[in-house]
Amino acid sequence: LISGQVPAEWQAACGYTCGTTLGPWLSTLPQRFDQAHAMARGHRPPTVWLGRLCSPQGFVAATVHDSARRRAKEARDNEDETDFEAWALDAVALSAQVMSFEREDVRRPADDGVYVHGLSLEESRWDRQGGGKLAEPLPFAKPGASALPVVHLTCAPASAKSKAALASMS
């Protein structure tokens with residue numbers, strides 16, 4: 001604590017690791033607690049700040065599983081066995097779409113998947129005026145992270161190319 005670092009025991013206890021000093025870690029602690037507590041009670045927020053989660057990777061994996069399960073159930077209810085097989089967990093991959101709106105504009109959760117906010121880009125920016133695409137940083141722009149709008153996470157059928165990419169990351 002004297003050195004201003006987050007004790008390893010604290011990070012391990014909450015499952016949240018960070019590269020920040022004690023001040024920023026403590027300042028976001030109430031927000032992280034509130035979000036986790038609300039989600040544990042079954043409240044589904046309109047958007048989720050991934051930086052507040054103890055395990056963002058686990059949350060993203062659970063989002064993909066939930067989306068695939070919902071879509072498989074719809075296919076089974078419609079008696080479409082071919083479509084049902086397309087939503088098996090080994091046949092889907094994460095789909096992330098950068099939306100054209102900000103967190104403040106979201107009033108309800110996504111029907112499928114989840115909206116996330118708080119993501120940023122380093123050494124590039126999201127060009128909102130240019131149709132929403134990745135762009136070079138503006139000349140003479142102050143260095144640092146460039147915030148993304150809301151991102152919609154869900155699942156999509158995995159192509160052979162995306163399956164190979166996912167396998168190489170394992």
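In the hydrophobic cluster analysis, where Ile, Leu, Val, Met, Phe, Trp and Tyr join through side-chain heavy atoms closer than 4.5 angstrom, Met39 is grouped together with Val114. The same ILVMFWY cluster, assembled from side-chain heavy atoms under 4.5 Å apart, contains both Leu94 and Leu134. Taking hydrophobic clusters as Ile, Leu, Val, Met, Phe, Trp and Tyr residues chained together by side-chain heavy-atom distances below 4.5 Å, Val116 does not share a cluster with Val106. Under the 4.5 Å side-chain heavy-atom criterion for ILVMFWY residues, a single connected hydrophobic cluster contains both Leu119 and Val64.
Listed by first and then second residue, the side chain to side chain donor-acceptor pair (under 3.5 Å) pairs involving residues 124-138 are Glu102-Arg128 (not counting sequence neighbours). Within the structure, side chain to side chain donor-acceptor pair (under 3.5 Å) contacts touching residues 56-65 (residues at least two apart or in different chains) do not occur.
Atom-to-atom distance recorded for Trp87:CH2 and Glu74:CD is 9.5 Å, nearest 0.5 angstrom. The distance from atom CZ of Arg76 to atom CZ of Arg69, rounded to the nearest 0.5 Å, is 13.0 Å. Taking CZ of Arg107 as the start and OG1 of Thr47 as the end, the distance is 10.5 Å to the nearest 0.5 Å. Atom CG of Asp105 is separated from atom OH of Tyr115 by 11.0 Å, given to the nearest 0.5 angstrom.
Partners of Phe59 by ring pair (Phe, Tyr, Trp, His ring centres under 6.0 Å), not counting sequence neighbours: none found. Residues forming a salt bridge (Lys or Arg N to Asp or Glu O under 4.0 Å) with Arg70 (at least two apart in sequence, or on another chain): Asp66. For Asn78, there are no side-chain hydrogen bond (donor to acceptor under 3.5 Å, both in side chains) partners two or more places apart in sequence or in a different chain. Every residue two or more places apart in sequence or in another chain that forms a ring pair (Phe, Tyr, Trp, His ring centres under 6.0 Å) with His37 is listed here: Phe33. For Arg103, the salt bridge (Lys or Arg N to Asp or Glu O under 4.0 Å) criterion is met by no residue, not counting sequence neighbours. The side chain to side chain contact (heavy atoms under 4.5 Å, CB included) search around Ala38 returns Arg41, His43, not counting sequence neighbours. Partners of Arg108 under the salt bridge (Lys or Arg N to Asp or Glu O under 4.0 Å) rule, at least two apart in sequence or in another chain, are Asp111.
In this structure, Glu123 places its CD atom where only 12 or fewer heavy-atom neighbours from other residues, nucleotides or ligands lie under 6.0 Å away.
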Show me the side-chain donor-acceptor pairs of residues 147-156 shorter than 3.5 Å, one per line, residues at least two apart or across chains.
from: His152; atom 1: NE2; to: Asp112; atom 2: O; distance (Å): 2.6
from: Thr154; atom 1: OG1; to: Ser67; atom 2: OG; distance (Å): 2.8
from: Thr154; atom 1: OG1; to: Arg71; atom 2: NH2; distance (Å): 3.4
from: Thr154; atom 1: OG1; to: Asp112; atom 2: OD2; distance (Å): 2.8

- Are Val48 and Gln35 close enough, and set up right, to give a side-chain contact (heavy atoms from CB on, under 4.5 Å), and what steps lead you there? CA-CA 8 Å; Val48 173; Gln35 179 172 279; 3.7 Å; yes
